[in-house]
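Report on one structure; see the data block that follows.
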Amino acid sequence: MLFEKTYGIDLGSSSVKVYSFFRNKTYIEKNMIASKGRKIIAMGNEAYEMFEKSPTDITVTTPMIFGMIANLELQEIVLYSMIRKIDHILGIGAVMYFTVPLDMTAVEKRAYFHVANGHWLKKNRVFMVEAPIADALAMGVNLEDPEGNMIVNIGAQSTEVSIITGGKIIISKKIPLGGRQMNESICSEIRKRYNLQIGTRTAKRLKVVMGRLSDQKKGVRKVVGIDCISGLPREEVISSYVVNDGIMNCLNEIAAEMKTFLERIPPQISYHIAKQGIYITGGSTRLPYIDQYLASYTGFTFNLSDLYETSAVTGLEKIIRDKDLRKWAVPVTQRKL
């Protein structure tokens, strides 16, 4: 272990997180690629800077959709370029631990394996760790607890809700709503209220600066968008109430799905979760008071992680550094696939 390169990798819809055991550091880059025709012109954070700003002949996309690999070749390029930045001389035969969604098909597992063993990355050993397990380890949850714990990860494009009992995930659900849908909902509210079209990057900035779910403090921000009637650029002052309405439209759907999920689990597990609290993490949980808002909707208390989008990769770091925790990592080979 000391003489081989080992990485913990969380391929997210918004960003890629890579933990390097050799450097004992976690690196984060946007999971995006900018291309012109078949030529790639930018990756990672550079590609994100071009998002919604590029001319029509340049396409900026993410290789991940709803937490799953949508474009295998582009995802491998993003990961390869990121590892090259971490280790300038990329060795062959590294060990890679991936966080993966639950209930993957054989095709989806093969995609993760080939990201680590494709055209640019070769002869690497691959281990897969279920994302809720990695989140739970990062938050210090006792996975062997027979009474059950609930883990919720609100990510960029999806929300994953899981119950872990006795070291196993007994039930889980993926909700196709996350931070990106909140941004789109803010865009929709501003379009309805002001007849102004803004981009999702602008909506995200408004969400970060003005989003308040329990605090009624009023705020305003100037933004520039395209007038829906004239088609010309226009400046408008946006109220925090409009931004919060956009966020709540999406968050209420997530909370409603969580409440339905809680009603379907066995009552003895539900009782323990009510006593213990629901563990919540993910990049979209940076919204102030999100735990209080969800608690008021569902009637359950929430334990908010301060790791946010890095919780899964932090769980991988713990697995890599502690051999007793490696039982949660499943080795994957070409033969198994």
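The chain is numbered in sequence order, starting from 1. Any value given below was found using the heavy atoms of this structure, including those in side chains, with hydrogens, waters and symmetry copies removed.
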In short, I320 meets G8 closest at the heavy-atom pair CD1-N, 3.6 Å
Considering residues at least two apart in sequence or located in another chain, which fulfil the salt bridge (Lys or Arg N to Asp or Glu O under 4.0 Å) criterion with K192? E189
Contact between I254 and V152 at the side-chain level, heavy atoms closer than 4.5 Å - yes or no? no
Quick one about R193 and Y241 (side-chain donor to acceptor, distance below 3.5 Å, no hydrogens or angles considered), yes or no? no
Listed partners of K259 passing salt bridge (Lys or Arg N to Asp or Glu O under 4.0 Å), at least two apart: none
For a quick test of reading the model, state the closest non-hydrogen atom pair linking A255 to T298 and the distance between them. O-CG2, 4.0 Å
Pairs where residues 121-169 contributes a residue and the test ring pair (Phe, Tyr, Trp, His ring centres under 6.0 Å) is met, not counting sequence neighbours: Y97-F127
Donor-acceptor contacts under 3.5 Å from residues 56-63 side chains, at least two apart:
{"residue": "D57", "atom": "OD2", "partner": "K36", "partner atom": "NZ", "Å": "3.4"}
{"residue": "T62", "atom": "OG1", "partner": "S13", "partner atom": "O", "Å": "3.2"}
{"residue": "T62", "atom": "OG1", "partner": "N31", "partner atom": "O", "Å": "2.9"}
{"residue": "T62", "atom": "OG1", "partner": "M64", "partner atom": "N", "Å": "3.4"}

State, yes or no, whether a side-chain contact exists between V209 and V243 at a heavy-atom distance under 4.5 Å. no
State, with a plain yes or no, whether a side-chain heavy atom of M82 is found less than 4.5 Å away from one of I9. no
Hydrophobic side-chain clustering at under 4.5 Å (ILVMFWY, transitive links): who's grouped with V220? Put none if nobody. V237
So K17 and T99, side chain to side chain contact (heavy atoms under 4.5 Å, CB included) or not? Walk me through it. CA-CA 10 Å; K17 283 77 69 177; T99 58; over 6 Å; no
Where do L196 and C228 come nearest, in terms of heavy atoms and distance? N-SG, 3.7 Å
Heavy-atom closest pair, residues A312 and A134: O-CB, 3.5 Å
Distance-only, no hydrogens or angles: does the K207 side chain make a donor-acceptor pair with backbone N or O of M182 under 3.5 Å? no
Nearest heavy-atom approach of A138 to S311 is CB-O, 3.0 Å
Begin with the C-alpha distance, continue with both residues' side-chain angles, and end with the deciding distance and a verdict on side chain to side chain donor-acceptor pair (under 3.5 Å) for R234 and N195. CA-CA 10 Å; R234 173 163 65 88; N195 276 329; over 6 Å; no
Give every residue pair that meets the ring pair (Phe, Tyr, Trp, His ring centres under 6.0 Å) criterion with at least one member in residues 160-181, sequence neighbours excluded. none
For T200, which residues count as a side-chain hydrogen bond (donor to acceptor under 3.5 Å, both in side chains) partner, sequence neighbours excluded? E52
Which side-chain N or O atoms in residues 156-169 pair as donor and acceptor under 3.5 Å with protein atoms at least two apart or in another chain?
{"residue": "Q157", "atom": "OE1", "partner": "F66", "partner atom": "N", "Å": "2.6"}
{"residue": "T159", "atom": "OG1", "partner": "L177", "partner atom": "O", "Å": "2.8"}

For the residue pair Y48 and M32, what are the closest heavy atoms and their distance? CD1-SD, 3.6 Å
Could you check whether any side-chain N or O of N303 sits under 3.5 Å from a backbone N or O of Q276, counting only pairs where one atom can act as donor and the other as acceptor? yes
Rounded to the nearest 0.5 Å, what separation is found between the CD1 atom of I65 and the CE atom of M68? 11.0 Å
Residues E49, K30: salt bridge by 4.0 Å N-O rule: no
Could you pull out all residues at least two apart from K39 that satisfy salt bridge (Lys or Arg N to Asp or Glu O under 4.0 Å)? none
Nonpolar side-chain network containing L307, other nodes, edges under 4.5 Å: none
E108: partners by salt bridge (Lys or Arg N to Asp or Glu O under 4.0 Å), with sequence neighbours left out: none
Please table the atom pairs, donor to acceptor, closer than 3.5 Å between any side-chain atom in residues 261-274 and protein atoms at least two apart or in another chain.
{"residue": "H272", "atom": "ND1", "partner": "G148", "partner atom": "O", "Å": "2.7"}
{"residue": "H272", "atom": "NE2", "partner": "E147", "partner atom": "OE1", "Å": "3.1"}

